[in-house]
Amino acid sequence: MRQSPRCIWLTGLSGSGKSTVANALDATLHANGVKTFLLDGDNVRHGLNKDLGMSEADRAENIRRVGEVAKLMVDAGLIVICAFISPYARDRQQVRSIFTPDQFIEVYLDTPLEVCERRDPKGLYKKAREGVIKQFTGVSDPYEIPESADVIIDTSQSNVRNSVSSILKALG
(Lines give C-alpha, C1' and ligand atoms only; values in the text may rest on other atoms or scores of the structure.)
Protein backbone atom coordinates (compact mmCIF):
# COMPACT_ATOMS: atom_id res chain seq x y z
CA MET A 1 0.00 0.00 0.00
CA ARG A 2 1.31 3.45 -0.95
CA GLN A 3 1.95 5.84 1.93
CA SER A 4 -0.46 8.76 1.65
CA PRO A 5 -0.56 10.88 4.82
CA ARG A 6 -4.03 10.96 6.35
CA CYS A 7 -5.93 11.33 9.56
CA ILE A 8 -8.44 8.55 10.13
CA TRP A 9 -10.82 9.75 12.85
CA LEU A 10 -12.90 7.04 14.55
CA THR A 11 -15.84 8.37 16.54
CA GLY A 12 -18.62 6.61 18.41
CA LEU A 13 -19.93 5.76 21.84
CA SER A 14 -17.84 4.11 24.53
CA GLY A 15 -17.85 0.40 23.74
CA SER A 16 -18.60 0.90 20.03
CA GLY A 17 -15.30 -0.71 19.06
CA LYS A 18 -13.14 2.34 18.33
CA SER A 19 -9.99 1.08 20.04
CA THR A 20 -10.43 -2.47 18.78
CA VAL A 21 -10.90 -1.39 15.17
CA ALA A 22 -8.17 1.28 15.44
CA ASN A 23 -5.64 -1.24 16.77
CA ALA A 24 -6.51 -3.78 14.06
CA LEU A 25 -6.29 -1.09 11.37
CA ASP A 26 -2.93 0.06 12.74
CA ALA A 27 -1.59 -3.51 12.74
CA THR A 28 -2.85 -4.13 9.19
CA LEU A 29 -1.33 -0.95 7.82
CA HIS A 30 1.93 -1.56 9.68
CA ALA A 31 2.12 -5.12 8.29
CA ASN A 32 1.85 -3.57 4.81
CA GLY A 33 4.80 -1.29 5.46
CA VAL A 34 2.77 1.84 6.12
CA LYS A 35 4.07 4.23 8.76
CA THR A 36 1.28 4.97 11.22
CA PHE A 37 0.65 6.38 14.65
CA LEU A 38 -2.34 5.57 16.85
CA LEU A 39 -3.82 8.19 19.15
CA ASP A 40 -6.42 6.73 21.48
CA GLY A 41 -8.60 8.39 24.07
CA ASP A 42 -7.05 6.44 26.91
CA ASN A 43 -3.38 7.02 26.09
CA VAL A 44 -3.87 10.74 25.37
CA ARG A 45 -5.89 11.36 28.55
CA HIS A 46 -3.05 9.91 30.68
CA GLY A 47 -0.39 12.21 29.22
CA LEU A 48 -0.94 15.11 26.85
CA ASN A 49 -4.40 15.92 28.21
CA LYS A 50 -4.18 14.76 31.82
CA ASP A 51 -5.01 18.32 32.91
CA LEU A 52 -8.48 18.13 31.34
CA GLY A 53 -11.70 16.92 32.91
CA MET A 54 -14.91 15.80 31.23
CA SER A 55 -16.79 19.10 30.98
CA GLU A 56 -17.97 20.13 27.52
CA ALA A 57 -15.20 22.75 27.35
CA ASP A 58 -12.55 20.24 28.41
CA ARG A 59 -13.80 17.67 25.90
CA ALA A 60 -13.59 20.31 23.16
CA GLU A 61 -10.03 21.19 24.19
CA ASN A 62 -9.10 17.50 24.30
CA ILE A 63 -10.27 17.03 20.71
CA ARG A 64 -8.65 20.29 19.56
CA ARG A 65 -5.27 19.23 20.96
CA VAL A 66 -5.53 15.76 19.46
CA GLY A 67 -6.42 17.27 16.09
CA GLU A 68 -3.39 19.56 16.20
CA VAL A 69 -1.07 16.69 17.11
CA ALA A 70 -2.58 14.55 14.35
CA LYS A 71 -2.03 17.38 11.86
CA LEU A 72 1.66 17.60 12.80
CA MET A 73 2.01 13.85 12.27
CA VAL A 74 0.17 13.95 8.93
CA ASP A 75 2.47 16.80 7.87
CA ALA A 76 5.39 14.49 8.75
CA GLY A 77 4.01 11.86 6.35
CA LEU A 78 2.23 9.47 8.69
CA ILE A 79 -1.21 7.93 8.62
CA VAL A 80 -2.63 8.86 12.01
CA ILE A 81 -5.45 6.82 13.46
CA CYS A 82 -7.45 8.70 16.11
CA ALA A 83 -9.96 6.82 18.26
CA PHE A 84 -12.01 9.27 20.33
CA ILE A 85 -15.65 9.43 21.38
CA SER A 86 -15.59 13.09 20.23
CA PRO A 87 -19.29 13.55 20.96
CA TYR A 88 -19.80 17.05 19.56
CA ALA A 89 -20.19 17.72 15.83
CA ARG A 90 -18.57 21.16 16.05
CA ASP A 91 -15.41 19.68 17.57
CA ARG A 92 -15.15 17.01 14.87
CA GLN A 93 -15.77 19.69 12.22
CA GLN A 94 -13.08 21.89 13.72
CA VAL A 95 -10.57 19.03 13.47
CA ARG A 96 -11.66 18.21 9.91
CA SER A 97 -11.13 21.87 8.95
CA ILE A 98 -7.39 21.81 9.72
CA PHE A 99 -6.80 19.11 7.10
CA THR A 100 -7.19 19.23 3.35
CA PRO A 101 -10.29 17.29 2.24
CA ASP A 102 -8.22 14.33 1.00
CA GLN A 103 -6.30 14.08 4.30
CA PHE A 104 -9.23 13.41 6.65
CA ILE A 105 -11.45 10.35 6.86
CA GLU A 106 -14.20 10.33 9.48
CA VAL A 107 -15.30 6.85 10.53
CA TYR A 108 -18.48 6.67 12.57
CA LEU A 109 -18.93 3.47 14.56
CA ASP A 110 -22.71 3.43 14.56
CA THR A 111 -23.07 0.70 17.16
CA PRO A 112 -26.37 0.71 19.09
CA LEU A 113 -26.24 2.01 22.66
CA GLU A 114 -27.64 -1.29 23.98
CA VAL A 115 -24.75 -3.19 22.39
CA CYS A 116 -22.20 -0.73 23.79
CA GLU A 117 -23.74 -1.09 27.25
CA ARG A 118 -23.66 -4.89 26.97
CA ARG A 119 -19.97 -4.81 26.05
CA ASP A 120 -19.05 -2.17 28.69
CA PRO A 121 -15.48 -3.48 29.21
CA LYS A 122 -14.67 -0.91 31.90
CA GLY A 123 -18.05 -0.93 33.69
CA LEU A 124 -18.56 2.74 32.81
CA TYR A 125 -22.19 2.52 31.68
CA LYS A 126 -23.11 0.75 34.90
CA LYS A 127 -21.44 3.52 36.93
CA ALA A 128 -23.12 6.20 34.79
CA ARG A 129 -26.56 4.59 35.24
CA GLU A 130 -25.93 4.47 39.01
CA GLY A 131 -24.99 8.17 38.98
CA VAL A 132 -21.40 7.49 40.02
CA ILE A 133 -20.06 8.92 36.74
CA LYS A 134 -21.56 12.25 35.74
CA GLN A 135 -21.51 13.66 32.21
CA PHE A 136 -21.23 10.26 30.50
CA THR A 137 -21.76 10.34 26.75
CA GLY A 138 -24.83 8.42 25.65
CA VAL A 139 -26.34 8.36 29.15
CA SER A 140 -26.26 11.81 30.77
CA ASP A 141 -24.40 13.72 28.03
CA PRO A 142 -25.24 13.85 24.33
CA TYR A 143 -23.55 12.20 21.38
CA GLU A 144 -24.17 14.11 18.16
CA ILE A 145 -24.32 11.64 15.30
CA PRO A 146 -22.05 12.58 12.38
CA GLU A 147 -24.07 13.82 9.40
CA SER A 148 -21.38 13.30 6.78
CA ALA A 149 -19.07 10.53 7.96
CA ASP A 150 -16.94 9.06 5.20
CA VAL A 151 -17.38 5.53 6.54
CA ILE A 152 -20.18 4.21 8.77
CA ILE A 153 -19.78 0.86 10.51
CA ASP A 154 -22.06 -0.91 12.95
CA THR A 155 -19.67 -3.19 14.83
CA SER A 156 -22.57 -5.26 16.07
CA GLN A 157 -23.08 -6.28 12.43
CA SER A 158 -19.50 -6.08 11.09
CA ASN A 159 -16.59 -8.03 12.54
CA VAL A 160 -13.20 -6.40 13.08
CA ARG A 161 -11.71 -7.68 9.81
CA ASN A 162 -14.63 -6.39 7.74
CA SER A 163 -14.57 -3.09 9.63
CA VAL A 164 -10.88 -2.65 8.81
CA SER A 165 -11.57 -3.55 5.17
CA SER A 166 -14.23 -0.84 4.97
CA ILE A 167 -11.74 1.75 6.21
CA LEU A 168 -9.02 0.52 3.86
CA LYS A 169 -11.39 0.96 0.92
CA ALA A 170 -11.90 4.58 1.94
CA LEU A 171 -8.13 5.04 2.07
CA GLY A 172 -7.97 3.97 -1.57
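Values below: all heavy atoms of this structure, side chains included; hydrogens, waters and symmetry mates excluded. Counting begins at 1 with the first residue of the sequence.
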Colleague: Can you confirm whether Glu130 is buried at CD, in the sense that more than 12 heavy atoms of other residues, nucleotides or ligands lie under 6.0 Å from that atom?
Modeller: yes
Colleague: Mark yes or no for whether Arg119, through its side chain, and Gly15, through its backbone, hold a donor-acceptor pair below 3.5 Å.
Modeller: yes
Colleague: So, does Ser140 use its side chain to make a donor-acceptor pair with the main chain of Gln135 at under 3.5 Å?
Modeller: yes
Colleague: Which heavy-atom pair separates Val21 from Ser163 by the least distance, and what is that distance?
Modeller: CG2-CB, 4.0 Å
Colleague: Find out if a path of hydrophobic residues (ILVMFWY) with successive side-chain heavy-atom gaps under 4.5 Å connects Val160 to Leu25.
Modeller: yes
Colleague: So, does Lys35 use its side chain to make a donor-acceptor pair with the main chain of Gly77 at under 3.5 Å?
Modeller: no
Colleague: Please check if the side chain of Asn32 supplies one atom and the backbone of Thr28 the other of a donor-acceptor pair under 3.5 Å.
Modeller: yes
Colleague: Is a donor on one side and an acceptor on the other found under 3.5 Å between the side chain of Ser156 and the backbone of Val115?
Modeller: no
Colleague: Is Phe136 linked to Ile145 within one hydrophobic cluster, defined over Ile, Leu, Val, Met, Phe, Trp and Tyr using a side-chain heavy-atom separation of less than 4.5 Å?
Modeller: yes
Colleague: Okay, side chain of Glu68, backbone of Arg65: is any donor-acceptor separation there less than 3.5 Å?
Modeller: no
Colleague: Looking at OG1 of Thr36 and CD1 of Ile8, how far apart are the two atoms once the value is rounded to the nearest 0.5 Å?
Modeller: 9.0 Å
Colleague: Taking atom NZ as the centre, does Lys127 end up with more than 12 heavy-atom neighbours from other residues, nucleotides or ligands that are less than 6.0 angstrom away?
Modeller: no
Colleague: Write down the atom of Val74, the atom of Gln103, and the distance for their closest heavy-atom approach.
Modeller: CG1-NE2, 3.6 Å
Colleague: How about Thr11 and Ser86: does a side-chain donor come under 3.5 Å of a side-chain acceptor?
Modeller: yes
Colleague: Considering residues at least two apart in sequence or located in another chain, which fulfil the side chain to side chain contact (heavy atoms under 4.5 Å, CB included) criterion with Ser19?
Modeller: Asn23, Asp40
Colleague: Do the side chains of Glu61 and Arg64 get close enough for a salt bridge, i.e. N-O under 4.0 angstrom?
Modeller: yes
Colleague: Can you name the closest pair of heavy atoms from Ala22 and Leu38 and give their distance?
Modeller: CB-CD1, 3.6 Å
Colleague: Would Arg6 and Ile105 count as a side-chain contact (heavy atoms from CB on, under 4.5 Å) if you check the C-alpha gap in whole Å, the side-chain angles of each, and the deciding distance to 0.1 Å?
Modeller: CA-CA 7 Å; Arg6 307 265 179 82; Ile105 298 171; 3.7 Å; yes
Colleague: Do Val95 and Met73 land in one hydrophobic cluster if side-chain heavy atoms of ILVMFWY residues count as linked below 4.5 Å?
Modeller: yes
Colleague: When rounded to the nearest 0.5 angstrom, what is the spacing between CG in Asp26 and CD1 in Ile81?
Modeller: 4.5 Å
Colleague: Does the side chain of Ser97 pick up a donor-acceptor pair with the side chain of Gln94 at under 3.5 Å?
Modeller: no
Colleague: Under 4.5 Å between side-chain heavy atoms, counting indirect links through other Ile/Leu/Val/Met/Phe/Trp/Tyr residues: same cluster for Tyr88 and Tyr143 or not?
Modeller: no
Colleague: Give the minimum heavy-atom separation between Val151 and Ala170, together with the two atoms involved.
Modeller: CG2-CB, 3.5 Å
Colleague: Verify the cluster assignment for Leu52 and Val69: are they in a single hydrophobic cluster under the rule of side-chain heavy atoms below 4.5 Å apart?
Modeller: no
Colleague: To the nearest 0.5 Å, tell me how far Asp51 CG sits from Asn62 CG.
Modeller: 9.5 Å
Colleague: Would you find a donor on one side and an acceptor on the other, under 3.5 Å apart, between the side chain of Ser158 and the backbone of Asp154?
Modeller: no
Colleague: Does Arg59 come within less than 4.0 Å of Asp141, counting only side-chain N to carboxylate O?
Modeller: yes
Colleague: Going from CZ on Phe37 to SG on Cys82, what distance comes out if it is rounded to the nearest 0.5 angstrom?
Modeller: 10.0 Å
Colleague: For Leu13 and Thr111, run side-chain contact (heavy atoms from CB on, under 4.5 Å): C-alpha distance rounded to whole Å, both residues' side-chain angles, the deciding distance at 0.1 Å, then the answer.
Modeller: CA-CA 8 Å; Leu13 294 171; Thr111 306; over 6 Å; no
Colleague: Assign the ring pair Trp9 / Phe84 to parallel, tilted or perpendicular, where the plane angle (0 to 90°) is split at 30° and 60°.
Modeller: parallel
Colleague: If we only count heavy atoms from C-beta on, is the Lys18 to Ile85 side-chain gap below 4.5 Å?
Modeller: yes
Colleague: Restricting to non-hydrogen atoms, name the atom on Tyr125 and the atom on Thr137 that form the minimum distance, rounded to 0.1 Å.
Modeller: CE2-O, 4.3 Å
Colleague: Identify the heavy atoms of Lys71 and Ile98 that sit nearest to each other, and give their distance.
Modeller: CE-O, 3.0 Å
Colleague: Just so I know, are the side chains of Val34 and His30 near enough to count as touching, which here means a heavy-atom distance under 4.5 Å?
Modeller: no
Colleague: Roughly how far, to the nearest 0.5 Å, is the CD atom of Glu144 from the CD atom of Gln93?
Modeller: 12.0 Å
Colleague: So do the side chains of Ile153 and Asp110 get within less than 4.5 Å of each other, counting heavy atoms only?
Modeller: no
Colleague: Can you find a heavy atom in the side chain of Leu124 that is under 4.5 Å from one in the side chain of Val139?
Modeller: no
Colleague: To the nearest 0.5 angstrom, please state how far the CG atom of Leu171 sits from the CG atom of Asp150.
Modeller: 10.5 Å
Colleague: Using a 3.5 Å distance criterion without hydrogens, assess whether the side chain of Lys122 forms a donor-acceptor pair with backbone atoms of Ser14.
Modeller: no
